[in-house]
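Proteins come first, then strands; the chains are lettered A, B, ... in the order of their sequence lines, and each starts at number 1.
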Amino acid sequence: MPGERLDEQVMALRAAKEFQDGMIINLGVGIPTYCSNFVPPEREVLFHSENGVIGFGPIIDDPDVADNRMINAGGQPISKKPGMALMDHAESFCIIRGGHVDITVLGSLQVSEKGDLANYMIPGKQVGNLGGGQDLAFCSKKVIALMIHTTKEGGPKIVKECTEPITAPECVDQIITDIAVIEVTPEGLVLREVAPGWTAEEVQALTEARLIVPPDLQEMTLL
Amino acid sequence: MPGERLDEQVMALRAAKEFQDGMIINLGVGIPTYCSNFVPPEREVLFHSENGVIGFGPIIDDPDVADNRMINAGGQPISKKPGMALMDHAESFCIIRGGHVDITVLGSLQVSEKGDLANYMIPGKQVGNLGGGQDLAFCSKKVIALMIHTTKEGGPKIVKECTEPITAPECVDQIITDIAVIEVTPEGLVLREVAPGWTAEEVQALTEARLIVPPDLQEMTLL
Amino acid sequence: MINKIVGSFDEAIADMVDGSTLLVGGFAGAGECPSYLIGAVARKGVKDLTFVGNVGGWGPNLMEVVRERMAVILTIPEDFYDPGMLVGRGQVKKGIVTYPAAPGRFFTPMEWGIMQGEIELELMGQGTLCERIRAGKGGIAAFYTPVGVGTVVAEGKEVREFNGRKYLLEHALRGDFSLIRAHKADRYGNLVYWGTMRTFNPVMAGASTVTVAEVDEVVELGELDPECVVTPGVYVDRVVVRPKEPKPWEEAM
Amino acid sequence: MINKIVGSFDEAIADMVDGSTLLVGGFAGAGECPSYLIGAVARKGVKDLTFVGNVGGWGPNLMEVVRERMAVILTIPEDFYDPGMLVGRGQVKKGIVTYPAAPGRFFTPMEWGIMQGEIELELMGQGTLCERIRAGKGGIAAFYTPVGVGTVVAEGKEVREFNGRKYLLEHALRGDFSLIRAHKADRYGNLVYWGTMRTFNPVMAGASTVTVAEVDEVVELGELDPECVVTPGVYVDRVVVRPKEPKPWEEAM
């Protein structure tokens, strides 16, 4: 019987471990947003939001302090921080398209074994939203798909081929879920870490794509 | 015997009569620079310099006041003025290339009867300078060639076909010289004004291209 | 004398006609949206508009739901009229947007329009949308972006390889009206913004035949620091000041 | 901790090698030129450089003539080392510039090099040069500009018609090093300029593998107004402060 699934905060904590000192990070809406709470104190990273701000501070949760004119791309009010810079959309996407974002963390509906990302069609609807995610997925130095490992119905989201329309082909470098950390390599998906109490076989059972299990498979360390 | 040739200041004065209230004007180096001294007081025009400033004030002629970090595209120190805006080269050339400059006044080596402009090869040299002039010549709403009518040797500069390499084809709308004002039209060059004391025939004698002389040919009015 | 300040939002768009292409600034929220200009377009009732902007918008009904949901972190002002207002009134025949749909279970007016075949959708990512508009403002006819190759946005578009990577040809986009939001203006039309108010607004300034800026405040010439002017007035044709006290939906109509 | 401030101009370009492509900021004058970085490149003596910038420069000898001529309107500081220094020393094999020649009877070092076949010239207008560099910084592979069709700059380039007008295909330009000048910086590399100092400098920031900014002053984080930062630090790798007292040519070498 497998271990527990990690909660969203812990998933975000694991993703934040990837952030190296000095990196420019863009966080998608949803679970990725939480990553900003878990940057190791010894590391200074700058968060970029595609609506035109870089180096902003924590999200504000008090409507009396929040300013509609200082928000991130998820619509959340953000705080100012020394070293912050504001810009228009054209400059913001020069940063993205020009490959100046080190890591993008995006939510995902499906990831294929080649690293195709599908995250723009809204389940159960006929219309999708591309937003800023497509540029980020195509152009960031590293793309992390941070997602629940399976659909609400328990079906696989890490698949051989995406059945949902794709946002960007072969763009995902790393998949971090509530039960595993998977690296996308030219050879296929390599299972790097499993959540505490999980085995490779148990993760594979919830994954349509074949996982390569290396001899040095580790248990996720979260500190 | 023809009248006197206008001096450079008067030529600039005549060109400045074209500036309408609210226009964005770009002045090339040389004689065009003087135009800024002759803007009718009831007209408010904004001067744009392609190195990244719009709405600047008069040229400063005191080295103790001048600042190397506040210059026009001719390298002359300029003064600040209320309503001025600074920008980088990319924005400055969005203004130019996007057709937001109303009038460009450029010096010229040759203008052809189709309005081809040749002004980038330096006489007697093998190497030319395009600078910002090519973008201005291609993209301004109106291009005025402000030039001495003939070469130093007395030869024609308004020609059937340019023999000098051209900066921009069919770009000149109006030619203002020290003896005439000529409009470039689909039918050819129309002589609109002659300097005081000059006849159409005398101007034609110094012009290689054929000039169309309309019934309403006028003497240049300078006030 | 140059004076781009006009007296009312209605006056600022008085010459807008049916079939116009509107570039409407803002991202998705109240702080950067030209709400009163949108209200004026609704009042004018022009139809068959091509709407270019980031989002298709909520419209008045969904806005109430959003307002309630967001209340724990952010107060949405009562004068936030978003593009959904125009869509919901049937004024829009085509949307060129990155975000037509609500992220959750709701259906926005643009989604309904698309599903019922009444609105044509041209979907693309934000980088491509803003770069197409910048190209329109800056005299570039078209450009090659790597974004979108191999996806739905590439359909019918030229793909070309440069240095071993594939790129899509994307064309400049210009409008009849750019309706933008800014913080302060002077009579030349120079604009500064506030915080994340910029987003698509400075990009759209100058990308249409007529650019109208809706601003919080007009200041004397010389009060804006020339080092900090974001949009030079050359791109702006008309400036209108927002009312000091916010006017809700109902009053606007 | 992010700290992009380095201790010397030599250190800032220590990893520059022969054959590098340099994007060098500035327009033509002393106020916007990264003079001390140019001095450091001269000292390092790297060769076969491709030089990308607005002008080919005067070099030390002609600079004296220019200084004398300009003295009635402008004092040219003694620490203005322009790109002509590198060209005159034989370090440049190719120039991608808009203004290689002196406007008058003088011959610049780049002109001599071109006439003697020692320097290859790629000439274009400023709008095309800066847009090619911006494309390099912003991930655009190529774009179509109307400027240059039917002239010398169109030779060998694709011409294509859009909406009845002809456009040239121009390609993105990136460098190994961008050497730029700014007024103030913080340790993140955020930059502000002064007056007409911007010109090509902000455009080149981020368009090379390494971007080095030569600045008048470094300030504490938070001292630069986020509304007025022109170059966000993400584009800048290294920052060096200019000496308080200007150092003339001779001392620099």
Side-chain angles (χ1 to χ4, degrees), chain A residues 29-30 49-53 56 59-78 80 84 86-94 96-97 99 116 118 120-139 165-170, chain C residues 27-32 54-56 66 70-77 80 97-105 107-108 110-111 114-115 121 123-131 133-134 145-153 183 193-204 230-231:
Chain A
V29 294
S49 191
E50 61 268 31
N51 57 318
V53 55
F56 52 93
I59 291 161
I60 295 173
D61 60 1
D62 177 355
D64 294 334
V65 179
D67 181 349
N68 276 289
R69 299 167 303 178
M70 192 67 81
I71 59 164
N72 66 18
Q76 298 165 306
I78 52 175
K80 289 189 187 180
M84 187 176 86
L86 297 158
M87 66 199 78
D88 72 8
H89 235 78
E91 189 73 61
S92 186
F93 279 80
C94 277
I96 294 170
R97 203 189 309 100
D116 300 336
Y120 83 90
M121 285 301 284
I122 301 146
K125 301 223 264 181
Q126 300 168 40
V127 179
N129 290 324
L130 282 169
Q134 189 171 49
D135 294 82
L136 285 159
F138 267 86
C139 301
I166 64 169
T167 308
E170 302 183 24
Chain C
F27 188 71
E32 70 281 352
N54 191 42
V55 299
V66 174
M70 291 288 283
V72 289
I73 56 165
L74 194 63
T75 305
I76 296 179
F80 178 28
V97 298
T98 84
Y99 218 92
R105 283 167 305 139
F107 288 86
T108 65
M110 191 171 276
E111 282 181 273
I114 293 163
M115 289 189 294
L121 171 67
L123 181 70
M124 73 201 71
Q126 284 170 21
T128 298
L129 180 60
C130 75
E131 193 65 15
I133 297 166
R134 180 185 176 276
T145 175
V147 178
V149 177
T151 76
V152 64
V153 306
H183 180 42
Y193 300 81
W194 174 293
T196 50
M197 191 189 278
R198 296 190 206 183
T199 169
F200 282 87
N201 290 304
V203 186
M204 288 175 172
V230 173
T231 300

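Within a 6.0 Å sphere centred on NZ of Lys125(A), other residues, nucleotides and ligands contribute more than 12 heavy atoms.
For a residue to count as touching a neighbouring chain, one of its non-hydrogen atoms must lie under 4.5 Å from one of that chain's; by this rule Met110(C) does not touch chain A. Neither the backbone nor the side chain of Ala137(A) comes within less than 4.5 Å of any heavy atom of chain C. With a threshold of 4.5 angstrom between heavy atoms, Leu74(C) approaches chain A through its backbone and through its side chain. Residue contact with chain C, scored on non-hydrogen atoms closer than 4.5 Å, involves the backbone of Asp62(A) exclusively. Using a 4.5 Å cut-off between heavy atoms, Phe138(A) touches chain C through backbone and side chain atoms alike. Within the 4.5 angstrom heavy-atom criterion, no atom of Ser49(A) approaches chain C. Contacts between Asp116(A) and chain C at a heavy-atom distance below 4.5 Å are absent for every atom of the residue. Heavy atoms of Ala28(C) lying under 4.5 Å from chain A are absent altogether. With a 4.5 Å cut-off on non-hydrogen atoms, Ile96(A) does not touch chain C at all. Within the 4.5 angstrom heavy-atom criterion, only backbone atoms of Ala71(C) (N, CA, C, O) approach chain A.
Using cut-offs of 30° and 60° for the angle between ring planes, the His89(A) and Phe200(C) rings count as parallel.
Of all the heavy atoms in Val203(C) and Ala90(A), the pair that sits closest is CG2-N, 3.7 Å. Taking all atoms of both residues into account, the shortest heavy-atom contact from Thr128(C) to Asp135(A) is N-OD2, 3.9 Å. Between Gly150(C) and Ile166(A), the closest heavy-atom pair is O-CD1, 3.8 Å. Smallest separation of non-hydrogen atoms from Thr151(C) and Pro169(A): CG2-CD, 4.0 Å. Taking each heavy atom of Pro103(C) and Ile122(A) in turn, the nearest pair found is O-CG2, 3.8 Å. Contact detail for Ala102(C) and Asn129(A): the closest heavy-atom pair is O-ND2, 4.0 Å.
Between Arg69(A) atom CZ and Tyr193(C) atom OH the span is 14.0 Å, to the nearest 0.5 Å. Distance CE/Met197(C) to CG/Asn51(A): 13.0 Å, rounded to 0.5 Å. Rounding to the nearest 0.5 Å gives a distance of 6.0 Å between CZ of Arg97(A) and SG of Cys130(C). Taking CD1 of Ile73(C) as the reference point, atom CD of Gln76(A) lies at 5.5 Å (rounded to 0.5 Å). Rounded to the nearest 0.5 Å, atoms CD (Gln134(A)) and OG1 (Thr98(C)) are 10.0 Å apart.
When the candidates Pro146(C), Gly127(C), Pro202(C) are compared by the number of heavy-atom contacts under 4.5 Å with chain A, Gly127(C) comes out ahead. If you tally non-hydrogen atom pairs under 4.5 Å between each of Asp61(A), Ile71(A), Thr167(A) and chain C, the highest count goes to Ile71(A). Chain A forms more heavy-atom pairs under 4.5 Å with one residue of Met124(C), His183(C), Arg134(C) than with any other, namely Met124(C). The candidate with the highest count of non-hydrogen atom pairs below 4.5 Å against chain C, out of Gly133(A), Cys139(A), Gly131(A), Gly132(A), is Gly131(A). When the candidates Ala30(C), Gly125(C), Gly56(C), Gly29(C) are compared by the number of heavy-atom contacts under 4.5 Å with chain A, Gly125(C) comes out ahead. Listed options Pro123(A), Ser92(A), Ala73(A), Gly52(A) were ranked by heavy-atom pairs under 4.5 angstrom with chain C; first place goes to Ala73(A).
Side-chain contact between Val152(C) and Pro165(A) is absent, with no heavy atoms from C-beta onward closer than 4.5 Å. Gln126(C) is listed as a side-chain neighbour of Phe93(A), based on a closest heavy-atom distance under 4.5 Å. Side-chain atoms of Thr196(C) and Phe56(A), non-hydrogen and from C-beta on, never get closer than 4.5 Å to each other. Side-chain contact between Val72(C) and Pro63(A): absent, with no pair of heavy atoms (C-beta onward) separated by less than 4.5 Å. You'll find the side chain of Trp194(C) stays beyond 4.5 Å of the side chain of Leu86(A), heavy atoms only. Contact check for Leu130(A) versus Val153(C): side-chain heavy atoms found under the 4.5 Å cut-off.
Between the side chain of Asn68(A) and the backbone N or O of Thr75(C) there is at least one donor-acceptor pair closer than 3.5 Å.
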